[in-house]
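Encoded as structure tokens, the structure appears first; notes follow it.
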There are 2 protein chains.
Amino acid sequence: MVTPRKPPLTPDASGFNVYARECPARMVLDRIGDKWALLVLDRLRHDAARFNAIRRDIGGISQKVLSQVLKNLERDGLVLRTVHATVPVAVTYSLTPLGETLTQAAASLIHWAESHMAQIQHAQRLYDDRLAATSL
Amino acid sequence: MVTPRKPPLTPDASGFNVYARECPARMVLDRIGDKWALLVLDRLRHDAARFNAIRRDIGGISQKVLSQVLKNLERDGLVLRTVHATVPVAVTYSLTPLGETLTQAAASLIHWAESHMAQIQHAQRLYDDRLAATSL
DNA sequence: CTGCATCCGATGCGATACTG
DNA sequence: CAGTATCGCATCGGATGCAG
């Protein structure tokens, strides 16, 4: 056991607890609970891809950030970096078996955002209108 | 249809696409693909809670950030804020039906981080050792 | 093509103090 | 108890330039 969980949630058999600020699991959550990392993980879900392909597919990600995200994911053992000895050098990124156990959860989050946008936008309008009304 | 999806993933019936930088779904992903938001969502998963209770349960979150996260989640229609007319005032936060459709995905991510920590730490050691070896 | 290094502005976030 | 306001540091992240 590393740290006790404060909320009355089901205790985790592993002993790790994301609710504790010092727990290593929190560090991992920091990385995977990130917009860019989730998108990269989802992008690699069905097929491996080269650096610039990922960069093109994920609108708005900079080369610097993609580079950092990939390196972190590789260090955590979620992404495999493969260098092909061609000229010029080609590098492909793919999911490791460990990474594949995560992408479904990542995809769920992403898909949720897309499929519930209508309801979210409706809620936002209600909230904004109500706010404007009270501030008159 | 709002924006076409670039990667060959299954197109979403809603027409929203998180891979597009201008898509509203990306904004939502920004908010829910966030360490603190995920933890708050997970904390409210089983029961409603008051502001300071949430603050205590989530180690390391500041009242400023918690305040912002809760406000955003409320605006997006994921969290319901209820003011009880007592003295002093008590405010409880709970999940809306819409929010409940998301927490399972959030919980999956969080639980994944906890249950795979051993493998992650192993991968990190391998990576760091390999890095130290090559830089000699 | 695949990165790493640097500069630098924007944002995040903790600490602190104050209101109802 | 439940916030809001402000400050200041730290990190994020885009743009540019350079190297293997």
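Quantities reported herein were computed from a predicted structural model and do not represent experimental measurements. All chains are named by letter (A, B, ...) in the order of the sequence lines, taking the proteins before the strands, and each is independently numbered beginning at 1.
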Using the 3.5 Å cut-off, write out each protein N or O paired with an N or O of nucleotides 17-20 of chain D and the distance between them.
none

Check: A:Arg55 side chain, A:Ile61 main-chain N or O, donor-acceptor pair, under 3.5 Å: yes

Whole-Å distance separating the CG atom of B:Asn72 from the C1' atom of C:dT11: 14 Å

Phosphate-side-chain proximity, A:Arg81 and C:dG3, N/O vs OP1/OP2 below 4.0 Å: yes

Presence of A:Arg50 side-chain N/O under 4.0 Å of C:dT2 phosphate oxygens OP1/OP2: yes

Cluster check B:Met27, A:Leu109: I/L/V/M/F/W/Y, side chain < 4.5 angstrom: no

Could you list, one pair per line, each protein nitrogen or oxygen that sits under 3.5 Å from a nitrogen or oxygen of nucleotides 8-13 of chain D, together with the distance?
unit_1: D:dG13; atom_1: N7; unit_2: A:Lys64; atom_2: NZ; d: 3.1
unit_1: D:dG13; atom_1: O6; unit_2: A:Lys64; atom_2: NZ; d: 3.3

A:Ser67 side-chain N/O to C:dC4 phosphate OP1/OP2 under 4.0 Å: yes

Flag for B:Tyr19-A:Asp42: side-chain donor and acceptor within less than 3.5 Å: yes

A:Ile32 CD1 to B:Leu38 CG distance, which is reported to the nearest 0.5 Å: 8.5 Å

A:Gln119 side-chain N/O to B:Leu98 backbone N/O, donor-acceptor pair under 3.5 Å: no

Heavy atoms from other residues, nucleotides or ligands near CD of B:Gln104 exceed 12 (cutoff 6.0 Å): no

Distance in angstrom units between A:Leu66 CG and D:dG14 P, rounded: 11 Å

Distance, rounded to the nearest Å, where B:His84 contributes NE2 and D:dG3 contributes P: 12 Å

Interatomic distance where NZ belongs to B:Lys71 and P belongs to D:dG3 [whole Å]: 9 Å

Spacing of A:Phe51 atom CZ relative to C:dG3 atom P, expressed in whole Å: 6 Å

Closest listed nucleotide, where the reference is the side chain of B:Tyr93 and the choices are D:dG3, C:dT2, C:dC4: D:dG3

Between CG on residue B:Leu78 and CG on residue B:Leu70, distance to nearest 0.5 Å: 11.0 Å

Test salt bridge (Lys or Arg N to Asp or Glu O under 4.0 Å) applied to A:Arg31 and A:Asp76, step by step: CA-CA 9 Å; A:Arg31 254 166 264 144; A:Asp76 289 346; 2.7 Å; yes

Test item: B:His116 side-chain N/O and B:Trp112 main-chain N/O as donor-acceptor pair under 3.5 Å: yes

